[in-house]
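Reminder, nothing fancy here: chain letters follow the sequence lines and each chain counts from 1. Everything numeric here is computed off the predicted structure, so don't read it as measured data.
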Amino acid sequence: MLKAGVVVGEQGMQADSPSVITKNLVKDFGKLRAVNGLSFEVGPGEVVGLLGPNGAGKTTTIRILSTLIQPTSGEASVLGHDVVKEPEAVRSSEGIVFENTNMYGKLTGAENLEYYGHLHGMDGDVLRSRVQELLNTVGLSDRARDKVQDFSRGMKQRLAIARALIHDAPVLILDEPTASLDVPAARSIRDLIKSTTTSERKATILCTHNMLEAQYLCSRVVIINRGMKVAEGTPEELERISDTHGLEDVFLQLIRSEAQP
Amino acid sequence: MNLGRTIWIMRKEALEVLRDRRALIGAILFPLILMPLVSQVSLLGMSPAIAKYKIAVVNHDNDSIASLIVQLFTMANGTDVVTLDSLPVDIQQKLMDSTYDVAMVFPAGFSSNITDGLRSEVDAMVYPGSTRSLIALSVFEQIINAFENVLVAQRLESVHLSPEFTDPIDLSVTDVGKEGTQQTSPLGFMVSFFLVVSAFSAMLGIGLEKSVGEKDKGTLEALLASPASRTEILTGKLLSLLPFGLLSIAATITGLALGGAITSAFMGQTGTNLQMITLDPSYIPIMLVVAPVFLTQAAALILLFGFFAKTLKEAQTYSGIVTFVLSFGTVLTFFFPAYINRWICFIPVAGMAVLQNFYISEGFSPFVLSIVLVQTVYVIVLLRLALQIMKAERLVSSSA
C-alpha cells in the first residue's frame, strides 16, 4: 500500500531549469496553516497537476504564485523572480485561470482580450492579430463582437483561457479550468491546454479534482493534503508503486493513509 | 505608476458604465427627471391648479358683512364655495377625506357685532393631516385679514386718522448677500442636499459595481493578478467615476432649474431661485473648485468601502448608512446658524457640498480656501486608506 511522503524522480525530470520553484512554502491564516512546507518545481513543457482534497491548500498555493497573497515563510519564484520582491515581473510571466473566474459581461469577447493585452503592455496590430489568433484557437472568432454576458459557461471558460494566453506567458496556472463544463466543452479545453503546453513549451500548473483529467494532461503530479506534499511523480510511477490502476485510486490511497493515525 | 495602463483601466470602466442602462438612468436621467418631479409636483399637487380649495360655509348671520366675506371667498382664485344651511353630522369625516378643505361657520349676530364695534368670531374647521386643508385655511385667512384691514382703515378715516396710526413701525429688510447671489442660503442648502442625494448616490451605484461588484462577479482576481498595480487599478477606477459624477451634478442642477421653470409656467410664480443661480456665470468657477474635490472624495469613499466589503449586500448596508449621514449633514445646515455650518464644512464629502453655499455668499475667502485645503487632505487620506484595503489579503482570500 502506498504511504504518504512518496517522491518519485523528484529531480532530474526536467532538462531545462525550472520555471516555477516553491521551497518550504508556508501560509498561515490566523491559527490555520493552509500551506505547510510545500516544495515543488515545474519545468518548461511540463503540466504539473496540483491535486488534493478540498481545503488541501491548492488555491492558496496558486494565490501565492500569482502574488495575490504573500507566504508566511518559505520561497516561491517564477522564472527566477521572487513572488514577494518582484510581484510585477511575476505577474507579467504568468497566464492564470482562477477557479470561478469570470469575464467582463458588458464587453465583447474581443474587448475582454484586448483589455488584458493592454494591461500587459501590448498594443496596435500585434495585439489585434493576437486577439484574432486566440479567438480562432478557442473557437470563438464568430462571437468576437458579442457581449460576454450572452456567452455560455463553456464559452466564457474558453475565453478565460484565451485571456491567460494573450501575452504568451511562459507559465500557465489553471485552477479547475474545466469545472462545471459539459463533456465536449471540457474536452476542447483539455486539448487546448495540452497542445499549448506542448507546442509552446509552457510550464503549466493544473489544479483539478478530476483525476481522469489529471491523468490525461499531467506529466507529473504533486498530491497535497492539509497543506503538505504527500506524493510526487508521474501518474504511471505513482500507479506502479501503489499497485493500483488509475490516478484516482492512487489519490484515494494516499488521502486515506494520511487520515489514519 | 504606468499612466498608459491607468488610462486603459479608466477607459474600460467608463465603457462598461456607458453600456449599463441602469447606471446611466441612475446618474443622469434620475436627477434630470426626478428633481423637477420631487421639487415641483408636490407644489403642484397642493396648488388650486390641480383641484380647487373647497370650503363649506354655513352662514347663520345672513347680514351684509358675512355675505360680503362669503362673496369674496367665492371670487378668490382657485376656490369652490359650497353654502350649507348647517354643518353635516359627518363634517369631521368630510374634512378628513378632502370632500371639503375647510368648513366655516358665521354665527348669528356676526355682522351686527362688527357694526357695533365688538369682536366677532368665525369658526373654522380644518384637518391638519391634509396640507391642502392648511393651505386653504391660509388663503381664507388672507381674505379675512384683507377685509379686516379695509374695515379698520375706514374706521380710522371716519375719525380722521391715517392707517399708520395702528401700524406705526415698518420693517425694512436688506439682503446682505453679494450682488447676483442674494437669497442663496436656502438655495445653497438645497443644492448641497441634492448633490449628496443624487450625485453621490449615482456614483455609489457605479462605484460599488466597480469594487465589490468585481468580487461578486469573479473578475477581480484576474485583474489583481495582471501586471496592473493596485495604485493603477484604484486610480483608473476612480477617474472613471468622476465624469459620471460630474454629469450627475449637471443633471441635478438642470433638474432643479427645470423644476423652477415648471413652477413658473404652471403656477405663475418664480418658485425657487435656481434659474438665477444656474444662469449666473459666477457659479461656474465655484463648481470648478467644489466639484472636483467633492467628486474625488465621494469616489474615494465609495471605492474604500466597496473594496472593504466582502459582498455587494454588505457594501449596500454601508452605503445606506453613509448616504444617510452625509445627507443629514447637509440638512442640518438648514436649521443651524452659520457659525455652526462652518464647522459642518469640515465633514468629509458633505462638508464640500455645504461649502459651495459659503463660496457663493462670501467668494473665495480665507475660510473657503482653508476648507478646500482640509477637504483635499481628506481626499489623500481616503485614497491611501482605499489603497491599503486593496493591498490587504482579505480582498481576495480570508481562508484556505
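A salt bridge is defined here as a Lys NZ or Arg NE, NH1 or NH2 lying under 4.0 Å from an Asp or Glu carboxylate O, and A:Arg63 with B:Glu221 meets this definition.
Only the side chain of B:Leu15 comes within less than 4.5 Å of a heavy atom in chain A; its backbone stays farther off. Proximity to chain B (any heavy atom under 4.5 Å) is restricted, for A:Arg163, to the side chain, taken from C-beta onward. In this structure, chain B has no heavy atom under 4.5 Å from any part of A:Glu94.
Among B:Leu18, B:Thr219, B:Leu220, the residue with the largest count of heavy-atom pairs under 4.5 Å with chain A is B:Thr219. Between chain B and the residues A:Leu107, A:Thr61, A:Ile96, the most heavy-atom pairs under 4.5 angstrom are made by A:Leu107.
Interatomic distance, NE2 of A:His167 versus OG of B:Ser226, reported as 9.5 Å (0.5 Å rounding). One finds the NZ atom of A:Lys106 at 11.5 Å from the NZ atom of B:Lys12 (value rounded to the nearest 0.5 Å). B:Arg19 CZ to A:Lys147 NZ: the interatomic distance, rounded to the nearest 0.5 Å, is 5.5 Å.
Annotation for B:Arg5 and A:His118: closest pair CG-O, 4.0 Å, computed over non-hydrogen atoms. B:Trp8 and A:Tyr115 make their closest contact through O-CE1, 3.7 Å (heavy atoms, listed as atom of the first residue, atom of the second, distance). Contact record, B:Ala228 with A:Arg91: O-NH2, 3.7 Å, taken as the closest heavy-atom pair. A pairwise comparison of heavy atoms in B:Ala225 and A:Leu68 identifies N-CD2, 3.9 Å as the closest pair.
Side-chain contact between A:Leu119 and B:Leu223 is present, with heavy atoms from C-beta onward closer than 4.5 Å. A heavy-atom distance below 4.5 Å is found between the side chains of B:Glu393 and A:Lys27.
Side chains of A:Tyr104 and B:Glu214: a donor-acceptor N/O pair is present below 3.5 angstrom, by distance only.
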